[in-house]
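Everything on this sheet refers to the single structure shown next.
Lettering of chains follows the sequences in order, A, B, ..., and the numbering in each one begins at 1.
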Amino acid sequence: MKARVHVTLKSGVLDPQGKAIAQALQALGFDGVKDARQGKVIELDLEDGDTSAAQARVDEMCRQLLVNSVIETYRVELEG
Amino acid sequence: MKARVHVTLKSGVLDPQGKAIAQALQALGFDGVKDARQGKVIELDLEDGDTSAAQARVDEMCRQLLVNSVIETYRVELEG
Amino acid sequence: MKAAVIVFPGSNCDRDVAVSLERTTGRPPLMHWHADADLPEDLDLIVIPGGFSYGDYLRSGAMAARSAAMAGVRTAAAKGRAVLGICNGFQVLCEAGLLPGALMRNRSLHYICRDVYLRVETTDSIFTGHYAPAQVARIPIAHHDGNYVADLATHCALEDEDRIAFRYCTPAGKVTDDANPNGSLDNIAGILSEERNVLGLMPHPERLADPRLGGTDGQPIFASLMEALS
Amino acid sequence: MTAVEITPAVIAEHGLNAEEYARVLEILGREPNITELGIFSVMWSEHCSYKSSKKWLKTLPTTAPWVIQGPGENAGIVDIGDGLTAVFKMESHNHPSFIEPYQGAATGVGGILRDVFTMGARPVANLNALRFGAPDHPKTRHLIAGVVSGIGGYGNCVGVPTVGGEVNFHPGYNGNILVNAMTVGIAPADRIFYSKASGIGNPVVYVGSKTGRDGIHGATMASAEFNADSEEKRPTVQVGDPFTEKLLIEACLELMDTDVIVAIQDMGAAGLTSSSFEMASKGGLGVELALDTVPMREEGMTPYELMLSESQERMLMVLEPGKEPVAEAIFRKWGLDFAVIGRLTDTGRMVLTWHGDTVADLPIDPLAEAAPEYDRPWEPSPAPAPVDPASVPTVPWTEALVTLMGSPDLASRRWIWEQYDHMVMGDTVQRPGGDAAVVRIHGPAGLTDRGLAMTTDCTPRYGSADPVLGGTQAVVEAWRNLTAVGARPLAITDNMNFGNPEKPRIMGQFVGACQGISAACLALDFPVVSGNVSLYNETEGQAIPPTPTIGGVGVLDDLDRMATVAFKAEGDAILLIGGPAGDAECLGRTLYLREIAGREDGAPPPVDLAEERRVGDTVRGLIQSGRVTTCHDVSDGGLLVAIAEMALAGGIGATLDGVTDTPAALFGEDQGRYIVAVPEADAAAVLSDLGSVARRIGSTGGNALTLGGVSVPLATLCDAHEGWLPRLMGDA
Ligand SMILES: Nc1ncnc2c1ncn2[C@@H]1O[C@H](COP(=O)(O)OP(=O)(O)O)[C@@H](O)[C@H]1O
Ligand SMILES: [Mg+2]
């Protein structure tokens with residue numbers, strides 16, 4: 001079973017990487033870019049099992065390690 | 001219009017981040033984790049317009065800046 | 001003063017700070033391995049050193065914050081023991097919740113290694129007593145993720161409770177945006193915990209605490225601790 | 001596994017010519033299988049066998065009383081006194097850095113670090129010598145950004161300070177950048193480790209990261225399984241994992257403190273193949289490896305891939321029998337893979353098995369000894385005509401100086417070194433920006449008052465015109481930079497970067513550089529103890545300028561007797577030591593000629609080796625006796641540039657009254673010269689002790705450089721000098 005954890009910065013938290021990307025794109029002449037934000041995706045390869053139990057466990061992983069709740073939020077996608 | 005670019009390491013390319021995440025989860029007692037890979041997502045806020053033109057432009061951004069084609073692949077998702 | 005330095009896989013300023021501690025106290029600190037939760041009871045000071053714990057591969061300091069040793073540090077801090085986190089150590093302390101806020105990527109996106117100037121914002125702590133109020137100290141930074149962020153309530157609390165220990169400033173002591181090397185909120189370079197027994201700072205006082213290395217502006221931190229804790 | 005047919009195409013794909021393949025057949029007495037062919041291919045590659053260069057490398061001077069280990073091991077070793085040694089080497093990662101600048105440069109740093117800690121040394125400093133194409137070439141910025149962040153990303157994380165290096169720009173590198181990385185380490189003299197295996201039956205142990213399909217050479221064609229089904233099996237770019245490297249350093253050094261290692265070798269180029277061959281061949285032994293026991297990162301890997309993979313952060317060791325548990329405990333503690341993968345035998349053969357079946361069986365010595373060695377035809381470069389000073393335009397010196405200080409080859413590299421942690425380990429006594437970096441010697445017993453000085457140098461402008469002189473000058477400049485901080489130069493490592501050696505003209509450049517290096521090493525007692533050769537740096541028939549990079553290491557016996565470039569006080573006398581009795585004369589191949597006159601011709605400034613030595617020894621004597629603490633050698637850009645650099649470093653200006661205002665006098669690059677500043681009260685005594693080799697040319701003070709009644713403010717020079725690189729990189 002695969003779990004995909006999408007981690008994004010909370011809105012309101014300034015994103016230096018995203019800002020740099022937007023500026024670089026503008027500098028390259030892509031002028032329709034109003035803003036950019038960068039997040040990360042962590043793909044976990046889990047042993048097969050019950051989906052709702054897996055959801056709970058991945059939530060727990062996010063709380064304990066994968067996400068810094070001071071600045072980030074997340075969303076989990078399960079597959080297979 | 002929003003574009004979401006999912007950038008992942010090509011398979012076979014060493015992913016030290018992913019490896020470290022898997023190990024850390026195991027050390028925390030999450031033993032069903034077989035493997036982890038880390039990727040990134042770049043969310044672009046684009047001026048509204050034609051979808052297929054947007055797709056082409058985002059592809060071009062990926063080629064020119066957002067993606068390192070030697071080690072990464074990507075997938076674009078358009079929205080709105 | 002009995003001091004310990006926590007060693008994580010990937011710590012790389014552990015020896016550096018041990019040299020400074022030994023110079024200050026006359027004896028080498030205890031080097032404590034991350035996997036060991038049991039810290040000696042009689043420690044006066046615990047130092048979380050700089051480096052790249054676990055490669056900083058997920059987020060700076062994130063994995064180290066969940067280590068066995070940090071559980072011990074948390075207990076010691078709750079008992080009022082002094083805890084000093086330098087650079088990666090500051091990141092670990094924030095990730096562990098022992099200090100508020102977070103350290104994000106520098107606004108230039110570059111790693112930056114250079115001397116910066118710090119204004120000492122409070123001398124009311126066991127870490128800063130040996131500085132003069134508003135003294136300007138030249139101390140190096142060396143980090144990729146030193147851009148301090150916190151929400152408004154936290155920022156106000158830090159300010160109101162006199163818990164901002166250092167701010168980046170010009171050589172003349174002005175706190176300006178140009179003097180801010182990494183984009184930190186309000187030029188914050190170091191903060192204290194509510195009980196004032198935990199200090200986290202991005203600059204490396206151990207790197208300029210020896211005339212041979214070109215300066216000693218970092219030494220008062222160690223001297224303050226020595227006086228307060230002996 | 002399906003057998004792969006060894007067709008001429010497969011052989012060619014593996015880079016073996018007909019003659020070489022005939023030798024393979026002769027050695028084996030049969031046709032090789034694909035795994036064996038792969039092994040021959042990498043063992044006999046230019047990179048591993050030095051087949052074009054060996055003949056000439058053998059002519060380099062490699063001995064001195066203080067040399068403990070010359071070329072032939074992972075790194076060179078010199079005695080630095082007090083029971084300690086300096087272990088160092090330089091290596092190129094040119095091609096990978098052009099393809100993927102971040103990872104290419106990062107893994108270059110990782111590789112050279114392993115060469116040094118393999119020998120039992122704790123790495124204490126890194127340096128990097130970089131050559132990029134024209135600043136305005138479309139690829140240049142991207143390459144600079146990637147290479148610099150890759151070097152920093154790796155070195156910063158492993159916690160070894162990057163303290164020095166050099167950077168040049170020239171269109172000749174547009175298609176082939178050079179990334180040469182150097183590591184210096186310190187090891188106790190009585191605890192050095194070598195790669196020579198011994199002890200029949202001893203276990204062969206693999207430690208570090210798992211093996212993946214990284215950087216496998218001709219593999220695309222060769223793997224039977226490689227067909228349409230598998231984008232997945234495509235060999236991949238090596239990605240550096242500095243965290244694992246850091247653990248590997250600590251684990252290896254910890255293990256080295258026990259008495260269980262017989263031999264150790266890092267897995268660098270050609271990974272498991274060359275490391276196992278080298279260890280067995282040096283010991284005159286055989287080796288048996290069960291490849292299925294190698295830790296693997298991916299599924300479905302073949303013996304061929306395992307033998308050729310260049311996955312990073314791996315080491316091979318031979319242990320004392322029965323000591324596997326001691327080693328395993330240490331590696332497990334550090335979270336690293338550990339596997340016993342084979343043992344030493346007395347057969348003189350390498351036997352590889354895969355789940356019990358023999359998949360390769362090769363004689364070790366014949367393969368190593370029969371490695372091709374070529375005496376390639378070469379022709380000397382024609383001697384360039386000297387430049388007539390009268391043909392060179394004169395522009396006002398202020399204008400020329402500002403232009404030069406902000407020119408690509410002279411502008412400040414601060415933007416680069418501030419991205420490198422140059423202070424970690426707490427021993428950096430001289431940071432980047434001076435003539436040589438100085439790192440305090442911090443031995444197992446603690447801090448000392450002694451230091452190691454280090455530098456990298458090469459002036460490709462000179463070598464392009466005259467390869468022999470280019471080789472000589474690179475060595476001399478390294479020696480001079482060490483001398484200028486007060487260090488006693490000990491030895492060098494070299495990194496020979498050239499084009500295609502099959503062209504006699506290019507081969508002539510290589511031969512010339514070797515001759516020039518040899519002459520300088522002999523004259524200065526400054527032997528070569530390690531090095532690396534990178535050939536075929538060509539794109540579309542266009543070779544790079546010959547670039548024999550020299551890494552020099554010296555020792556300071558008393559860190560209180562050290563010099564730096566910065567002017568320290570107002571009113572000091574400025575003395576010029578060495579060079580012609582009158583003004584400088586040489587404008588050929590200078591930066592003035594290139595940047596001001598737009599010309600790259602002429603004969604480079606000659607080097608007088610005996611005079612170099614005499615002047616250098618004099619300068620070092622002044623520093624070591626405590627009479628001089630401000631010193632800078634005169635190199636790129638000439639006298640006025642050197643003075644401007646001293647002024648900017650100290651924030652103190654100067655007035656020059658002892659030099660003529662001509663381009664040659666101010667910007668000529670005549671060799672063998674140093675500038676020192678001494679308190680006015682000491683000037684007369686110093687001058688009278690030095691005699692005709694020195695003269696007074698001015699004094700320090702103010703915030704401008706002044707000559708002939710004209711001034712240029714330091715602020716103007718600073719803006720030109722500090723601004724160029726950040727502006728190029730879009731950060732200013
Ligand atoms: N790539 C680099 N990394 C670190 N330091 C560098 C690099 N390039 C140049 N430097 C530093 O900048 C200073 C000037 O370099 P250079 O002009 O080559 O010196 P020199 O003329 O004395 O050989 C030196 O201290 C050198 O170590
Ligand atoms: Mg120099």
For the [atom1] atom of [X] and the [atom2] atom of [Y], what is their distance to the nearest 0.5 Å?
{"X": "A/Q17", "Y": "C/R107", "atom1": "CD", "atom2": "CZ", "result": "15.0 Å"}
{"X": "A/Q38", "Y": "C/R105", "atom1": "CD", "atom2": "CZ", "result": "9.0 Å"}
{"X": "A/L14", "Y": "C/L185", "atom1": "CG", "atom2": "CG", "result": "10.5 Å"}

Self-check item: Shortest non-hydrogen separation from C/R59 to A/N68 and the atoms involved
Solution: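 It is NE-CB, 3.3 Å.
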
Quiz prompt | Distance-minimising heavy-atom pair for C/N106 and A/P16 | solution =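 Smallest interatomic distance, heavy atoms only, reads O-CB, 4.1 Å.
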
Side chain, backbone, both or neither: which part of [X] has an atom under 4.5 Å from a heavy atom of chain C?
{"X": "A/V7", "result": "neither"}
{"X": "A/L65", "result": "both"}
{"X": "A/K40", "result": "side chain"}
{"X": "A/E72", "result": "side chain"}

Self-check item: Note, C/E95 side chain near A/V70 side chain (heavy atom, < 4.5 Å)
Solution: no

Quiz item: C/L58 versus chain A, heavy atoms under 4.5 Å apart: side chain, backbone, both or neither?
Solution: both

Quiz prompt | Contact class of C/R66 relative to chain A, heavy atoms under 4.5 angstrom | solution =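 The side chain, not the backbone.
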
Quiz item: Should we say atom NZ of C/K174 is surrounded by more than 12 heavy atoms from elsewhere, each under 6.0 Å from it?
Solution: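 Counting other residues, nucleotides and ligands, NZ of C/K174 stays at 12 neighbours or fewer.
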
